[in-house]
Amino acid sequence: MLLASKSSMGLFLLILSIVGFPLAEAQGTNMDSLWAIWNNSNESDTNKLKAMHNIALGGYLFTQPDSTFYFAQLEYDFAKSKGLKKQMAAALNTQGVSFMIQGNYPKAIRYYTQSLTISKEIGNKKGIATSLNNIGNIYLDQGDYPKAIDYHARSLTIKEEIGNKKGIAASLNNIGMIYAEQGDYAKAIQYHIRSLTIKEEIGNKKGIAASLHNIGVIYIEQGNYAIAIDYYTRSLTIKEDIGNKKGIANSLVGIGNIYSRQGDYLKAINYYTQSLTIQEELGNKNGIASCLVNIGVIYKKQGDSAYSAGNSALSADKYTNALDYYNRSLTIKEEIGDKKGISISLNNIGIIYKKQGYSAYSAGNAALTAVKYSGAIKLSTRALTIAQEIGIVVETRDAANALYEVYKATGKHKQALEMYERYIEARDSINSKENQKEVIRQEFKYKFEKAQLVKKQEENERRRKLNEKLERRDNLQYSVVLICLLVIGVLVAMLGKLSLPVRVAEGIIFFSFLILFEFILVLADPYIDAWSGGAPGIKLLFNAGIAALIFPAHAFFESKLKRRIVKA
């Protein structure tokens, strides 16, 4: 279950990279003012569409995804009536996000693909990159890493072409998450560090905090809790500085996960509860449900420990607490229509009923045993039905295994055998898919890294050719300037045959030495820049030194030329 909390955290971080504008911006906007803009016939079409975009995402995304879809449809219909295809694509993207939050991946991909088609049609590279990124995130959350890395690599390439640094950082972050999911933590950290570097360069504090958080997640998976908590704490500090409440809540969950893994359940519950309080303030139903599950997991672990120690009273108390939190989480999952979450919650509750049935059987309470086993069968059967309906194999395996154990305990051997076979089938399917994915994963990893190497080599070659072109241009211009100086020198020498006023002679001489001085500075500038490290004060001293060296020569030649040019 801790993995479930990690997944939900990852989902939130993915959503931040696909919504098309900062969620905090929308949430900080007064909804009444947005509605006023939308209903104002004097407002421009683009302003009205932007207002509805903010209403859909900022007002309802994490609380009522169905409402997000509805308002995005209003945005789409209005944009279509005005022929604004860029905004049509943005609305489809929002609708895809609403389905992603609900775990309805096929519909999410359908809307993202429609958005991608429109962006390609109008040549909107930023929109194309966003849609590729979104589809890649779906495959990442599904665990289809080859497809995920393919889409993210394509998105990254476009972002690099258009120089979208914020987007580049997001893609590097997502590729880092893919490597982390594959267990290649060295590669994952490498990409997260590259992402972090760009975010620091552009001053994206929210992004910096997210990268620090992601690196902390990797260190948790490696079991290096001291470093993990350091990264989480640094991330939390930034989020507190910028007032990012949703980010603060995620950091608190991350720290809670560390203490949970270390067996410090009191501290874990404390951090989960702090996060829960913030999520409730924000009205983030997904976040609330995840926190409730995390707290329920802690109580279940405590119940298991008490049961193993023979403390049935404490075990019963902890299981009751776990049930309370699981049920509250289930209610929210049903509200937002998260079928995957519903299946997991139902099975979690069924497992608690099964454990309570064991305890009642041990205590000789036949009536309570029957009630609990019956409840466990009912709940896990519902969980299995939903899991099979939406095609989630891991949840199918877990629900089938729970039913097998209950049927076996109640002496229903035929049903137990059926569930055991279903469990084995799902387990083998997962293992087979994992083995196939590993082969494909390694192939894609090789292709991706090879593509990155080729891209780097192409970039180096492009820069080499550009440098050669610039060098040829500079040499040509230096030659032209030198020839001009020689011509000016010859002309000045020839002026001795003419009689010129003093002011005109001084002007010609001043202009000649000015060009000579500037030419020397141009030639010397690359060397001065290298010696000074680009420091303005040091460069000024070098330039002053050159001027001091030229000045005596200037004075000498000036008097000579003036006597030659000026006739008494």
Side-chain angles (χ1 to χ4, degrees), residues 1-5 7-8 62-65 101-103 249 253 256 260 265 268-307 312-360 368-387 389-390 392 394-395 398-399 401-403 405-406:
M1 291 310 303
L2 286 174
L3 290 176
S5 70
S7 176
S8 63
F62 290 101
T63 55
Q64 301 173 45
I101 285 179
Q102 297 176 71
V253 168
S260 176
Y265 298 136
I269 287 180
N270 177 43
Y271 278 96
Y272 290 149
T273 304
Q274 288 182 58
S275 178
L276 176 61
T277 301
I278 296 172
Q279 301 286 18
E280 288 173 337
E281 287 175 8
L282 296 171
N284 179 8
K285 291 188 177 182
N286 240 318
I288 293 168
S290 293
C291 287
L292 291 171
V293 167
N294 286 335
I295 296 171
V297 168
I298 297 295
Y299 281 121
K300 177 187 172 292
K301 285 183 174 182
Q302 290 178 323
D304 291 344
S305 298
Y307 183 79
S312 57
L314 180 60
S315 174
D317 181 55
K318 296 299 182 182
Y319 285 149
T320 299
N321 288 335
L323 272 179
D324 175 52
Y325 282 94
Y326 283 152
N327 277 311
R328 286 163 61 188
S329 176
L330 174 61
T331 300
I332 295 171
K333 292 292 185 183
E334 288 175 332
E335 282 179 15
I336 62 178
D338 180 2
K339 288 190 174 182
K340 181 178 180 180
I342 292 168
S343 177
I344 293 171
S345 292
L346 286 169
N347 199 46
N348 284 339
I349 298 168
I351 289 170
I352 295 293
Y353 271 60
K354 178 189 70 176
K355 289 180 178 293
Q356 289 177 324
Y358 288 163
S359 298
L368 183 59
T369 300
V371 169
K372 292 298 180 181
Y373 281 156
S374 176
I377 289 171
K378 182 179 178 182
L379 289 160
S380 291
T381 299
R382 282 182 61 199
L384 179 62
T385 300
I386 294 171
E389 175 192 330
I390 61 177
I392 44 177
V394 173
E395 284 66 32
D398 293 344
N401 184 54
L403 284 167
E405 291 178 349
V406 179

So, taking the atom named CD in Gln279 and the one named CG in Asn286, what distance separates them when rounded to the nearest 0.5 Å?
9.0 Å
Before you tell me yes or no, could you show the steps for Val253 and Tyr272 under side chain to side chain contact (heavy atoms under 4.5 Å, CB included), namely the whole-Å CA-CA distance, both residues' side-chain angles and the distance that decides it to 0.1 Å?
CA-CA 5 Å; Val253 168; Tyr272 290 149; 4.2 Å; yes
Ignoring hydrogens, what is the shortest heavy-atom contact between Val293 and Tyr326? Give both atom names and the distance.
O-CE2, 3.9 Å
Measure the spacing between CG of Asp398 and CD1 of Ile344 and express it to the nearest 0.5 Å.
8.5 Å
To the nearest 0.5 angstrom, please state how far the CG atom of Asn321 sits from the CD1 atom of Ile295.
10.5 Å
Is any side-chain heavy atom of Ser359 less than 4.5 Å from a side-chain heavy atom of Ser312?
no
For Thr273 versus Ile269, what's the shortest heavy-atom pair and its separation?
OG1-O, 2.6 Å
Side-chain contact test, heavy atoms from C-beta onward, threshold under 4.5 Å: evaluate it for Ser260 versus Lys301 and give yes or no.
yes
Between Ser343 and Ala387, which heavy-atom pair has the shortest distance, and what is it?
OG-CB, 3.7 Å
To the nearest 0.5 Å, atom CG of Leu330 lies from atom CD of Glu335 at 10.0 Å
When every non-hydrogen atom of Arg382 is compared with those of Leu346, the smallest separation belongs to NH1-CD2, 3.6 Å
Can you name the nearest heavy-atom pair linking Ala322 to Lys300, along with the distance?
CB-N, 3.8 Å
Please say which of Asn401, Thr385, Asn347 ends up in a side-chain hydrogen bond (donor to acceptor under 3.5 Å, both in side chains) with Ser380.
Asn347
Ser329 side chain to Tyr325 main-chain N or O, any donor-acceptor pair under 3.5 Å?
no
Any donor-acceptor N/O pair, Thr320 side chain to Ala316 backbone, under 3.5 Å
yes
Going by side chain to side chain donor-acceptor pair (under 3.5 Å), name the residues that satisfy it together with Tyr353, two or more places apart in sequence or in a different chain.
none
Atom pair CD/OG1 of Gln274 and Thr277 - distance to nearest 0.5 Å
7.5 Å
I would like to know whether Asp317 and Tyr299 meet side-chain hydrogen bond (donor to acceptor under 3.5 Å, both in side chains); could you show each step before the answer?
CA-CA 9 Å; Asp317 181 55; Tyr299 281 121; over 6 Å; no
Is there a side-chain contact between Asp304 and Lys355 (heavy atoms, below 4.5 Å)?
yes
Can you tell me how far CD of Gln356 sits from OG of Ser315, rounded to the nearest 0.5 angstrom?
8.5 Å
Without swapping roles, check the side chain of Ser345 against the backbone of Gly341 for a donor-acceptor pair under 3.5 Å.
yes
